[in-house]
There are 2 protein chains.
Amino acid sequence: MVTKQFTGSPDEADLRRADSLAREIFSDVANKWALLIIEALGEQTLRFSELRNEIEGISHKMLTQNLRMLERNGLVERTVHPVVPPRVEYALTEPGQALRVTIDGLCDWTHRYLGHIETSRHRFDA
Amino acid sequence: MVTKQFTGSPDEADLRRADSLAREIFSDVANKWALLIIEALGEQTLRFSELRNEIEGISHKMLTQNLRMLERNGLVERTVHPVVPPRVEYALTEPGQALRVTIDGLCDWTHRYLGHIETSRHRFDA
DNA sequence: CGGCATCCACACCGATACTG
DNA sequence: CAGTATCGGTGTGGATGCCG
């Protein structure tokens with residue numbers, strides 16, 4: 001009860017910190033490439049080049065960047081096999097798997113409403 | 001069985017079209033502001049300025065832009081009341097509501113793994 | 001093969017100002 | 001109050017080349 005009671009309300013401060021962190025994570029995760037990478041990984045472990053082939057249109061740079069980001073947030077695990085040529089494999093961690101489930105929901109939604117959206121667009125563009 | 005069988009494989013073509021459309025929708029929806037707007041709307045209908053206050057940090061321009069995009073895709077409904085001063089209200093459509101459910105899942109995920117992610121980041125940055 | 005650095009075009013986004 | 005337009009700094013992301 002006496003801990004850190006001098007700098008205003010500590011509980012509020014903690015909440016603000018958590019909020020800003022949540023917002024930050026949201027920005028990281030809510031981006032096209034991150035979502036597609038997570039979807040592509042699914043339950044399998046894939047090599048860098050396999051991911052690159054799996055995700056159509058992603059550039060070498062974007063794949064590296066997003067993989068680093070996901071690794072940093074603990075959503076994917078990166079294992080390097082010390083052989084020549086190098087063999088690097090990526091797989092979802094448990095938090096990553098959990099996220100994938102919700103992303104699956106997003107994919108289902110997309111396919112379910114594909115028609116709605118297409119017609120809505122045509123009506124709007126007129 | 002005999003319909004549109006002359007231009008290669010029509011089924012494949014349709015699938016490719018659906019895929020590219022799905023990808024497009026994915027890009028539209030998987031962005032920070034769109035998700036935050038949908039979350040803010042929830043079950044209520046809000047005015048432009050109310051949305052602006054609700055979503056911390058969004059600019060006038062971004063709000064307008066994303067609202068147009070969401071309207072075009074049929075996820076939000078825009079109703080203009082012909083009074084002075086103008087009164088414009090936004091609400092989620094049924095597809096929008098469905099999407100919101102999955103986004104709620106994303107929010108839950110974020111809060112559940114906040115700790116995991118924070119510690120993972122510190123370990124990575126070292 | 002996978003990763004990093006560099007360069008550069010372009011899209012994004014905020015600020016500002018003007019309309020109905 | 002809500003929307004549109006314009007301008008300009010900044011960040012994003014593709015292409016390329018070089019390392020281990």
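Here is how names work: the chains are called A, B, and so on, in the same order as the sequence lines, proteins then strands, and each is numbered from 1.
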Atom pair [atom1] ([X]) and [atom2] ([Y]), whose distance is rounded to the nearest 0.5 Å:
| X | Y | atom1 | atom2 | result |
| --- | --- | --- | --- | --- |
| A:Thr110 | B:Asp28 | OG1 | CG | 10.5 Å |
| A:Glu71 | A:Asn66 | CD | CG | 12.5 Å |
| B:Arg52 | B:His60 | CZ | NE2 | 7.0 Å |
| A:Leu41 | A:Glu39 | CG | CD | 10.0 Å |
| B:Arg78 | B:Arg68 | CZ | CZ | 4.5 Å |
| A:Leu51 | A:Ile37 | CG | CD1 | 6.5 Å |

Give each protein N/O atom lying under 3.5 Å from an N/O atom of nucleotides 8-12 of chain C, with the pair distance.
none

Spacing between [X] atom [atom1] and [N] atom [atom2], to the nearest angstrom:
| X | N | atom1 | atom2 | result |
| --- | --- | --- | --- | --- |
| A:Asn31 | D:dG13 | CG | C1' | 12 Å |
| B:Ile58 | C:dA15 | CD1 | P | 13 Å |
| B:Leu63 | C:dA15 | CG | C1' | 16 Å |
| A:Met69 | D:dG11 | CE | P | 18 Å |
| A:Leu51 | C:dG2 | CG | C1' | 12 Å |

Discussion item. For B:Glu118, is there an ion pair with B:Arg121 - N to carboxylate O distance below 4.0 angstrom?
Written reply: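 Looking at B:Glu118 together with B:Arg121, the answer is no, because their closest N to O distance does not fall below 4.0 Å.
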Discussion item. Keeping B:His81 on the side-chain end and B:Arg87 on the backbone end, is there a donor-acceptor pair under 3.5 Å?
Written reply: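 Yes; at least one donor-acceptor contact below 3.5 Å.
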Worksheet item: Looking only at heavy atoms, what is the nearest atom pair of A:Leu46 and A:Ala40, with distance?
Response: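 The pair with the smallest heavy-atom distance is CD1-O, 3.8 Å.
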Item to complete: Taking Watson-Crick and G-U wobble pairs with both distances under 3.5 Å, convert DNA chain C into its dot-bracket string, 5' to 3', dots for unpaired and | for cross-strand pairs.
Response: .|||||||||||||||||||
Item to complete: Report the relative orientation of the aromatic rings in B:His116 and B:Tyr113; use parallel for angles under 30°, tilted for 30 to 60°, perpendicular for over 60°.
Response: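 Correct class here is perpendicular.
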Pairs under 3.5 angstrom, nitrogen or oxygen only, protein versus nucleotides 3-5 of chain D, please.
residue	atom	partner	partner atom	Å
D:dG3	OP1	B:Arg68	NH2	2.9
D:dG3	OP1	B:Arg78	NE	2.9
D:dG3	OP1	B:Arg78	NH2	2.8
D:dG3	OP1	B:Tyr90	OH	2.7
D:dG3	OP2	B:Tyr90	OH	3.3
D:dG3	N7	B:His60	NE2	3.0

Worksheet item: For A:Arg47, which contact category applies under a 4.0 Å heavy-atom criterion: base, sugar-phosphate, or nothing?
Response: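 Counting heavy atoms under 4.0 Å across all strands, the contact made by A:Arg47 is with sugar-phosphate only.
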Discussion item. Assigning hydrophobic clusters by single linkage (Ile, Leu, Val, Met, Phe, Trp, Tyr; side-chain heavy-atom cutoff under 4.5 Å), is B:Phe124 placed with A:Leu99?
Written reply: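 B:Phe124 does not cluster with A:Leu99.
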Discussion item. Between A:Asn66 and B:Arg87, which residue's closest nucleotide on DNA chain D lies nearer the 5′ terminus?
Written reply: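 Going by which nucleotide is closer to the 5' end, it is B:Arg87.
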